[in-house]
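Before any comments, here is the structure.
All figures in this text were calculated on a predicted structure; none of them were measured in a lab. The sequence lines fix the lettering, A, B, ..., with proteins before strands; numbering per chain opens at 1.
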Amino acid sequence: MNVILVLPVLLPLVCASLMLVLWRKRRAQRILNLASMAGMTIGGFVLLVLIYCNGIAVLEMGGYAAPFGITFVADLLSAIMVTAASMMGLVVAIYSLTDIDVRREAFGYHPLLQLLLMGVCGAFLTGDMFNLYVFFEIMLMASFVLLTLGGERGQMEGAIKYVTLNLISSAMFLAGVGILYGMTGTLNMADLADKVTEIEGPLLTALSMLFLVAFGVKAAMFPLFFWLPASYHTPPPAVTAIFAALLTKVGVYSLLRVFTLIFVHDPGTIHMIILVAAGFGMVCGVLGAAAQNEFRRILAFHSVSQIGYMLMGLGLFTVLSRSDSEETRLIVQAALAGTIIFVVHHLIVKPNLFLISGVVERLGGTGRLKDLGGFYVSMPLLSGMFIISSMSLAGIPPLSGFWAKYVLVRASLGLEHWLIAAAALFTGLLTLFSMVKIWAAVFWAPPPEYPLLDEHERDQAKRGLQPMILPIVVLAALIVVFGFAAGPIFDVAMMAAAQLMDPSQYVDAVFPIDEAATLNAAVDGDTSP
Amino acid sequence: MEPVLAIVIGSLYAAGLYLMMRRNLVKLVIGLVLLSQAANLLIFTAAGLRSKHAPLVPPGEAQPVGDFADPLPQALILTAIVIGFGVIAFTLALFHRAYQVIGTDDLDEMRATDT
C-alpha cells in the first residue's frame, strides 16, 4: 500500500508528459489537467487517512534500503501538506479555465502547473536531503516559467528578482548539502538525525545557518523576503494564487522538517533566531501592506507577515533549551500544532483572496484601489466571499484564522514569551485595518466616475465567469467548515506535531528495528551490502 | 590539495557575489554561474579528496574491496551541474528577453514592481 507515496509525484509527471504530446490540443490539456489534479487530491486524502490510521509510511525507491537509496517518507505533516497542495491545484486548475488566456495556454501553462505540483509534492514527501534539492529545483523551474509566461514588462522585472534570489538560496542549499555530506557521510534525513550528534555543536550551528538562510529565502522569512512583494502581483491571478498557496509553504515545511529532526542540538540559539525573525517578519509585513494601494500588492505583503506567524510556532521550540519538562514539551507541541494549522489555513485563505482579486481586476480593469468601487452592488456574492476570507485572514472568530492564531498566541503566553504574543496580536489588528481598507475602496465605495472599462468591455469580461466564481465559493465554504471543525483539526495537528517533537518515530519508521534482520546480517557477516 | 581548492572556492564565491552586486544584468548572470560552480566544487572538496582505488567491484566479489573512493559526491555534482545548466540557460533567456522588453540592462532602472 505504501506505493501510494509516489502517486503525487508520478501522476503529474505522467500527465505533463502526455500534455507535451498533446501540445496543440488545448481542450485535451485542460481535461487532463483537471483529471490529474482531481486524482492527486483523492490520492492525497487516501494517503492522509492511511497515515492517520497506520502511522508513518516509508517507501524505498527501487528496493535499495535506506540510507543507500532514496527514501520517501510520509508522516502526518507531509500527508497534510500533500493533500492541501493537491486540493489547491485542483481549485486553481478550475479557475484557470477562464483566467488564463489562449496565448499562455498555447505556451504550456497546463504542463507547467503539473510540474510545479510535482516538485512541491516531491519536496513534501522525500526523506533525502539531495532529493529535496532536486525537487526544489523542479518546483523553481516551473515557477520561473509560470511567472514569466506572457512576457510583460512587470513580469520581467519581478522575475529577475525572484530568479536571482532563489538561485542564490539554491546555491547555499547545495553548499550546505555538500558540507553536511562531508561531515556525516549520509544525506538520508533519518540517518542524519542520528549522525549529526557526532559533530561538534558550534560547527553544526554554523552549518544549520546555511540551511536557515537557504530555506528562509524560499519561505520569505524576514529579512529575506524581498523577492515576494516584488514579483507576486505581476503574473495572472491564477498563477499568483497557486504561488501564494505553495511556494512559501515548501520553504516553511523544509524549515519545520530540518529544524525539528536534524538541527535540534541548540534550540537556545537557532530557534531563537527563527523566533526573532518571525516577530520582525509579522510587523514588517503588515506595515508594508498598510502602505500599499493596490489589491494584490497588499495581499503579497501580508504573506510576509503570515509567514511570521508560521515560523513563530517553530521558534517557540527555543524554550526547550531552558526547561525540558513534560509540561513545557506539551505547550511546545501545541505551538507546532498551531504552526501546522496556520499553514493549512493560509494555504486556503490567501489563494482565495488572490482569486477574488483576479475577478475584481478582470471586471474593474485594474488593481489600483482608487480606480475601483461599487462591487458590493454589482457582485454581492463575491463581496460575501471576500468578507469571509478577509475576516479569516485577520483572525475574527469563528473562522479558520482565529483558531490558528489562538493556538499560537496561547502557546506563546503559556511559554511566557510575551513580546511575540504582543507582536502577533498587534499584527492581527493591522491586518484587519488593511482588509477593511480593501473592503471600503473596492466593495463599498461608489463606482468610479470614469470606469476604465466601458459597458461593452465589462459585458465581455463577465462572460464565462462561473469557473472563476466556483472555486472562490468552495474555498470560502472550506474556511467556514475549518472554523467550525477546529476541534478535530486541532487533534490531527497535535498528532502531527507529536511526530515532529519525537524524531525517533521518524527514524524508527525509516530504519525498522527488525531483530531477525539484524541477526541475519550478523551471521552473514560482511558479504551483505 | 584541500587548501588550494579552499582558496579557489573562496575566490569563486567572492567574485560571484561581487559581480552580483553590480548593476549590470550580464554581470549578474556571470555571478550566478560562478556561485553555482563554487557550490559544486565545495561538495567535491567537502566530501573528501582521496587518492584511492576506483569503487569498482572486482569479478567474483560482492562489493568493492580495499580502500576505495566515495563515488557519491561525483554523482551529486553531476546532478547539480545538469540542474545548474538548465537554470542558467533559462536565466540567460529571461535576461535577454527582459533587456528587449525593458530596454535597459541597468538593474537600478528596474524598480517598477518594487515597493
Side-chain angles (χ1 to χ4, degrees), chain A residues 68 129-131 133-134 136-138 140-141 144-145 147-148 151-164 166-168 170-183 185-187 226 228-234 288-289 291-292 294 297-298 300-301 526-529, chain B residues 9 13 16-17 20 25 28-29 31-49 57 61-65 70 72-73 75-77 79-80 82-84 86-91 93-103 105 107 109-115:
Chain A
F68 300 109
M129 276 312 226
F130 193 75
N131 203 226
Y133 166 75
V134 173
F136 260 35
E137 292 301 303
I138 293 173
L140 280 183
M141 204 63 201
F144 289 165
V145 186
L147 184 64
T148 49
E152 289 158 22
R153 183 183 166 140
Q155 285 185 301
M156 289 299 146
E157 293 192 14
I160 287 176
K161 290 152 201 165
Y162 176 72
V163 168
T164 309
N166 272 294
L167 288 186
I168 295 174
S170 288
M172 273 198 181
F173 185 13
L174 194 58
V177 166
I179 297 174
L180 198 58
Y181 181 77
M183 295 211 284
T186 180
L187 287 172
F226 291 98
L228 192 147
S231 62
Y232 262 28
H233 57 94
T234 57
Q292 298 300 317
E294 215 181 290
R297 284 186 194 228
I298 297 177
F301 248 114
D526 43 10
T527 46
S528 65
Chain B
I9 294 166
Y13 267 113
L17 287 174
M20 294 184 82
L25 267 185
L28 178 59
V29 84
L32 280 174
V33 174
L34 290 184
L35 219 55
S36 73
Q37 299 313 327
N40 288 340
L41 267 182
L42 182 64
I43 300 180
F44 189 61
T45 315
L49 302 167
V57 184
E61 296 282 339
Q63 58 186 34
V65 286
D70 185 359
L72 192 74
L76 298 184
I77 295 168
T79 317
V82 172
I83 293 175
V87 170
I88 293 297
F90 172 81
T91 314
L94 168 71
F95 285 4
H96 177 65
R97 177 87 185 127
Y99 173 68
Q100 283 180 333
V101 172
I102 304 169
D105 64 350
L107 283 163
E109 308 269 312
M110 301 180 191
R111 285 189 171 160
T113 67
D114 269 354
T115 38

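Ranked by heavy-atom pairs shorter than 4.5 Å toward chain A, the options B:Ala98, B:Gly103, B:Ala80 are led by B:Ala98. With respect to chain B, the highest number of heavy-atom pairs below 4.5 Å among A:Ile160, A:Val145, A:Leu140 belongs to A:Ile160. The most heavy-atom pairs under 4.5 Å with chain A, out of B:Val29, B:Leu35, B:Leu17, come from B:Leu35.
Counting heavy atoms from C-beta on, the side chains of A:Leu174 and B:Asn40 come closer than 4.5 Å. Under the 4.5 Å side-chain criterion, counting only non-hydrogen atoms from C-beta, A:Leu228 is not in contact with A:Tyr162.
Contacts of B:Leu94 with chain A are made by both backbone and side-chain atoms, with heavy-atom separations under 4.5 Å. For chain B, no part of A:Phe173 is nearby; none of its heavy atoms comes within less than 4.5 Å. Neither the backbone nor the side chain of B:Ile77 comes within contact range of chain A; no heavy atoms are under 4.5 Å apart. With a 4.5 angstrom heavy-atom cutoff, A:Ile168 touches chain B via backbone and side-chain atoms both. The contact between B:Leu76 and chain A is made by backbone and side chain atoms together, counting heavy-atom distances below 4.5 Å. For A:Thr164, the parts sitting under 4.5 Å from any heavy atom of chain B are the backbone and the side chain alike.
Aromatic ring centres of A:Tyr133 and A:Phe130: separated by under 6.0 Å.
Counting non-hydrogen atoms of other residues, nucleotides and ligands closer than 6.0 Å to CE of A:Met172 gives a total of 12 or fewer.
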Chi angles and distances behind the side chain to side chain contact (heavy atoms under 4.5 Å, CB included) call for B:Val87, A:Met141: CA-CA 7 Å; B:Val87 170; A:Met141 204 63 201; 4.0 Å; yes
